[in-house]
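Since we're looking at a predicted model, the values are computed, not measured. One-based numbering, in listed order, for ligands and for the atoms of each.
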Amino acid sequence: MIAGDRRANSGQVGPVFNVTAGPAGATAATLAAVGQPVLYPYDPDFLHRYANTAELARQAFGTTETPVILQGEAVLGLEAAAASLIRRDDVVLNLVSGIYGKGYGWWARRYAAEVIEVEVPYDSAVPAESVRAALAARPDVTVVAVVHCETPSGTMNDLDAIGPVVADHDALLIVDAVSSFGAAACDFTAWGADLVVVGPQKCLGGPAGLALLHVSDAAWEHMAGNPDAPRASFLSILDWQDAHRVERPFPFTPSVSDVYALHACLEQYLAEGPAAVLARHQSAARAARAGAEALGLELWAADKSICSDAVTALRLPAGVDEREVIARARAESGVMLSGGQGDLAGKVLQIGHMGPSAYALSPVVALTGLGRALRTLGAKADVGAAIEAALTALDDDDPVPSS
Ligand SMILES: *Cc1c(COP(=O)(O)O)cnc(C)c1O
């Protein structure tokens with residue numbers, strides 16, 4: 001969470017607390033890994049490190065298939081999924097509950113015969129029943145795309161319910177789990193998900209330079225049968241299918257330092273244990289939500305049951321500009337919060353609790369910086385009540401038994 005001293009541009013002295021919607025910082029072990037020598041990719045040490053990274057990702061995903069590592073930020077994985085999987089005869093059902101879902105439709109339209117959408121307001125989730133109805137109305141749908149956690153809105157779509165509906169229809173399922181993996185239970189196999197994209201820079205606490213992909217056998221088959229699937233291209237997934245095998249060449253030089261970082265993140269994730277990582281995110285999220293409400297703010301999500309444990313999105317009081325609050329919190333408290341983009345710009349503010357910022361006192365620091373900024377701007381904010389509420393939520397979760 002602490003990004004270190006930054007005196008150059010902001011004028012603010014002291015540590016910067018990164019409590020944004022990501023990238024959310026990295027641990028000392030991850031940063032140390034990035035600092036290792038940049039090896040030749042065919043150095044046997046690197047070949048084995050790469051193979052081992054893919055294997056650790058497989059263990060983290062709990063899948064039988066070995067995940068694919070694409071050499072660019074998570075968006076590369078999402079765009080590559082559309083380019084590779086969606087054939088020109090596919091009809092895509094795109095589920096839209098926020099900015100990332102909306103954006104996926106634009107990619108899908110580039111490749112599909114037709115894209116239809118189920119869209120709900122950006123403070124809501126797509127009900128599985130709506131997916132069932134849309135598929136019943138259009139038996140020709142062959143691919144469904146959905147965002148698990150809509151990060152800017154801090155909301156979740158219920159993949160445990162949507163996955164089986166899509167499987168019943170025999171359609172392929174593309175999932176953006178970039179920010180949810182680590183903060184929400186993700187069972188790609190039980191969902192019947194065919195192509196899932198995860199970002200190392202969110203709840204895994206890594207750098208923003210790689211995309212991790214779960215690809216099912218059915219997805220490989222569909223891609224292989226797609227005459228338009230990119231080859232010899234940055235967008236190609238097929239080119240990287242066997243890159244984790246030490247005897248196979250890389251299509252091009254992998255992002256060596258980012259691979260070290262991802263390896264370190266996955267080692268830490270597995271050593272801590274998926275259940276403990278989830279619990280840490282849930283606990284920080286509960287503290288952030290309770291504290292924000294006690295501060296006098298409203299959750300952006302229309303219903304608490306769809307709130308994400310990776311990020312808390314908040315509605316600001318009328319007349320308060322989110323950009324001004326963010327600038328204030330950064331300048332006077334060294335607290336870096338994040339705000340809305342696109343349709344949500346100026347309307348929503350986020351407190352991230354992801355990876356290294358998903359620890360007990362992170363939300364307390366975030367709420368203090370946020371509350372202080374609101375007060376300086378003349379808005380009402382009960383900082384004391386917010387801290388009390390956050391600590392009470394943490395106490396209720398306290399894993400240390402009292403003697
Ligand atoms: C972070 C994130 C991505 C990656 O996109 P950027 O805008 O480049 O950060 C994709 N999908 C979701 C849901 C994300 O949270």
### Message
For the aromatic rings, using the six-membered ring if either is Trp, is the centroid distance between Y40 and F46 under 6.0 Å?
### Response
no
### Query
Are the ring centres of H214 and W191 closer than 6.0 Å?
no
### Query
Any Lys/Arg nitrogen of R109 or E114 sitting under 4.0 Å from an Asp/Glu carboxylate oxygen of the other?
no
#### Entry: Nearest-neighbour protein heavy atom for atom 10 (C) of ligand 1, which is reported as residue plus atom name and distance
Y100 CE2, 3.3 Å
### Nearest non-hydrogen protein atom, atom 1 (C) of ligand 1
K202 NZ, 1.3 Å
### Query
Out of curiosity, is G22 lining ligand 1, as in a heavy atom under 4.0 Å away?
no
#### Entry: Interfacing atoms of ligand 1 (cut-off 4.0 Å, heavy-atom, C149)
13 (C)
### Message
Could you tell me, atom by atom, which parts of ligand 1 come under 4.0 Å of a heavy atom of S179?
### Response
15 (O)
### Short side-chain to backbone donor-acceptor contact, D90 and V92, under 3.5 Å
no
### Message
Measuring from non-hydrogen atoms of V197 to any atom of ligand 1, is the shortest distance under 4.0 Å?
### Response
no
### Task
Identify the protein heavy atom lying closest to atom 15 (O) of ligand 1, giving its residue, its atom name and the separation to 0.1 Å.
T151 OG1, 2.3 Å
### Query
atom 12 (C) of ligand 1: which protein heavy atom is closest, and how many Å away?
D176 OD2, 3.5 Å
### Task
For E388, look at atom CD and say whether over 12 heavy atoms of other residues, nucleotides or ligands are found less than 6.0 Å away.
no
### Task
Output yes when a side-chain donor or acceptor of S283 lies under 3.5 Å from a complementary backbone atom of D397, and no otherwise.
no
### Task
Distance to 0.1 Å, residue and atom name: give those for the protein heavy atom nearest to atom 4 (C) of ligand 1.
E73 OE2, 3.3 Å
### Query
Is S153 reaching over with its side chain to a backbone N or O of T155, donor-acceptor style, under 3.5 angstrom?
no
### Query
How far is atom 5 (O) of ligand 1 from its nearest protein heavy atom, and which residue and atom is that?
V75 CG2, 3.3 Å
